[in-house]
Amino acid sequence: MIENLKKTFESFNKKFISWPNNNRDKFFNKFMKMGFPNNKIEDWKFSNFNNFVSKNFKSLNTNFENLTSFKFDKYVNSFDHNKIIFINGEFKDKNFGNEEKEKFVCSDIKSFGEHLRLTIEDECENSLNLLNNAFYLDGLSLIIEKEYEFKKPLIIYNVFKTKKENNFFNQKIKIKVGENSKIDILLLNINLGSEPIFLNIYNNISLKKDAIVKLYSSSDLGEKDIFYNFNSVDVLNNSIFENFIFSNSANFYKNEIKCSLNEKYSSSFINGAIFSQNEQTHEIKSRIEHNDENTKSYQKIKSVLDKKSKSVFQGKIFVSSKAQKTDGYQLSKAILLDKESEFDSKPELEIYADDVKCSHGSTSGNLDEDAIFYLMSRGLSEFEAKKLLIKGFLNDAVETITNNEIRKYFSSKIESKINEYR
Amino acid sequence: MLNIHNLSAKIDKKSILNGLSLKIKPGEVHAIMGPNGSGKSTLANILSGKKGYDISGKVSYENNDLFNLAIEERAHKGLFLAFQYPLEIPGVNTSNFLKTSLNAIRKSKGQKELDALEFLKIVKKKASELKIDEKILNRQLNVGFSGGEKKKNEILQMSLIEPKMAILDETDSGLDIDALKIVAKGVNALRGKERSFLIITHYQRLLDYIKPDFVHVLMNGKIAKSGCMELAEELEKTGYEKI
Ligand SMILES: Nc1ncnc2c1ncn2[C@@H]1O[C@H](COP(=O)(O)OP(=O)(O)OP(=O)(O)O)[C@@H](O)[C@H]1O
Ligand SMILES: [Mg+2]
């Protein structure tokens, strides 16, 4: 696999050596030294990523220049929204309705790549980030001026329908939000095709003071797809970052987030619902850094596992010595519906300040038999009762979503996933 | 309607019911009293189908062998239990649950399922009859409900479902005097030739409003004494020791 990837890289690099990133081989060579993550690495200790790659892919290929384009029109219709559309990794379209266009700059990365140059030092220990640096060609850059609140949420449709020669996609999303500005974003990753894809997205989000970013993510990927999503988030004075992930598709999905609360009164809310089935592995890993006084973080992850699946929550709250009066909360709860599924949780606190309030908790178990009895005694079949309880359990995480339209979207999405569940 | 014959039940080899027999005919209201831990809730749970008991004996319900019916089938056939301790179910909207339950039962009877609007109309009417604050309909099922609100929510379900055989397990415990009257009114409103009730209680007060046809004392795992309202009055004075 690695040898084949090298070939893929070499021919890729010839074509795109300077566009927009001229350090590709540096990143790739560093990746080659590390290889794909394996379970000897602490951050990956619950799943051997290598196996997922070799199980689902004969080879990884990128073929950016002969993209097969297709029409996508299955837009979310339950609420009005701004749109950005990626087709097979390429920025295709945007529509910002009647937002004030002079308040923000939204562009692809192909034509506007320069300011995206990365500092490698930052993410150099993460081989999938290195791979992203080596292979990315397109993505989104959204820069919002100060004092602008978007009227409508933005949905980023990241849609795929592809062939074997083109199954490896690396994208970057960079969002900078100015002082006192606000945006709500829903990122939808959709694989319409039957060929498996390996999707590797790097998100970089920064909030100036008094800004609010709500980032929600949901995917409809195939049963052999691999999806790695890395978020690096910087939050300044009095800003709020809210994040919600619903994870239910792809063979392997890992959502990793590093969120730095760098100035006073900044806060982050990172919540998620996982419903894993059919030998899927779904992981959420977070690292919240409290780097200044009076910062607050809240995390709630609810997982339901069935049919030999696995889900993992690795959550770390780091509190620097400067970050007095930190308020950190983390809770992970899982329900296992079969004996062959596995839930792993590794909550961690690393605290260097003395006046802090931090708590974490993790539980896993089965559905409550007494609750099933109660519901059945009211005429529901056992299966209906279970489905209602699962929905209720996951809804508890959905309730954290503060955008009403998007909360309803996730609530009905989860409901329909549970209705499909057999 | 319900014919319990020589019912015994054990949990973990501990005997709880011990040859209990009781016959309830259509239209009758029976009350069961008995000391704490005598097995009243166990009886109610077994009748509604709760698992985990080692059971012997026979129970027939409307000419069916009750033990051959699944939990939800019993509900479909009109058996209803108002729980002594209604469960809190986080994340499940009360109104949604009530609708799902009512429609499951309607469907089993071949009746048309109610749509959201039709249901809302009915549930609002019933809630106001029971003086239930409509707001609780939009809360998570029983979560954070006061003791009385939980009990009233059970009665609301009973009045929506209109069961044939309703078992009320200490529904009166924890109710204030006004609520007690409302619950009694709810029961009396449903009373009819075809409907029977089994009312488990510790207090004569509810029975004063409902006026059961029979009162039984459950002790040592069986019916130790049966009578009518006078028995309840006597128990109120003398307690269980003399029985
Ligand atoms: N799951 C169980 N495991 C062990 N013992 C049990 C279990 N359920 C009930 N019991 C025991 O069975 C006996 C009868 O309990 P039950 O709840 O039926 O009493 P009750 O008559 O309803 O009492 P109360 O008036 O306090 O409600 C009690 O001694 C109780 O501790
Ligand atoms: Mg009891």
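Letters A, B, ... mirror the listed sequences (proteins, then strands); counts begin at 1.
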Q. Do you know which two heavy atoms are closest between B:A75 and A:S377, and how far apart they sit?
A. CB-O, 3.4 Å
Q.
Taking NZ in B:K112 as the centre, count heavy atoms belonging to other residues, nucleotides or ligands within less than 6.0 Å. Is the count above 12?
A. yes
Q. Is there a side-chain contact between A:F373 and B:L87 (heavy atoms, below 4.5 Å)?
A. no
Q. Does atom CD of B:E194 have more than 12 heavy-atom neighbours, drawn from other residues, nucleotides or ligands, at distances under 6.0 Å?
A. no
(Q) Does B:K126 have more than 12 heavy atoms from other residues, nucleotides or ligands lying within 6.0 Å of its NZ? (A) yes
Q | Neighbour count >12 (heavy atoms, 6.0 Å) for atom NZ, A:K310 | A | yes
(Q) So which residue, B:L102, B:N93, B:I89, ends up with the most heavy-atom pairs under 4.5 Å with chain A? (A) B:I89
**Q.** Segment of A:F393 engaging chain B (4.5 angstrom heavy-atom cut-off)
**A.** backbone
Q: Tell me, with the steps shown, if A:Y374 and B:L141 meet side chain to side chain contact (heavy atoms under 4.5 Å, CB included).
A: CA-CA 11 Å; A:Y374 183 64; B:L141 183 53; 4.1 Å; yes
Q) Around atom NZ of A:K413, are there more than 12 heavy atoms of other residues, nucleotides or ligands at under 6.0 Å? A) yes
Q) Rounded to the nearest 0.5 Å, how far does CG of A:L388 lie from CG of B:N96? A) 7.5 Å
Q: Taking atom NZ of A:K182 as the centre, report whether more than 12 heavy atoms of other residues, nucleotides or ligands fall under 6.0 Å from it.
A: yes
Q. Considering residues, nucleotides and ligands other than B:N63, do more than 12 of their heavy atoms fall under 6.0 Å from its CG?
A. no
Q. What do you reckon, is CD of B:E162 surrounded by more than 12 foreign heavy atoms closer than 6.0 Å?
A. yes
**Q.** From A:D370 atom CG to B:Y85 atom OH, the distance as rounded to the nearest 0.5 Å
**A.** 13.0 Å
Q: Please determine, among B:K50, B:K107, B:K51, the option with the most heavy-atom pairs under 4.5 Å with chain A.
A: B:K50
(Q) I need the minimum non-hydrogen distance between B:E72 and A:M376, along with the two atoms involved. (A) OE1-CE, 3.1 Å
Q. B:A104, B:P90, B:S108: which one forms the most heavy-atom pairs within less than 4.5 Å of chain A?
A. B:P90
Q) Taking the side chain from B:S101 and the backbone from A:R378, do they hold a donor-acceptor pair closer than 3.5 Å? A) yes
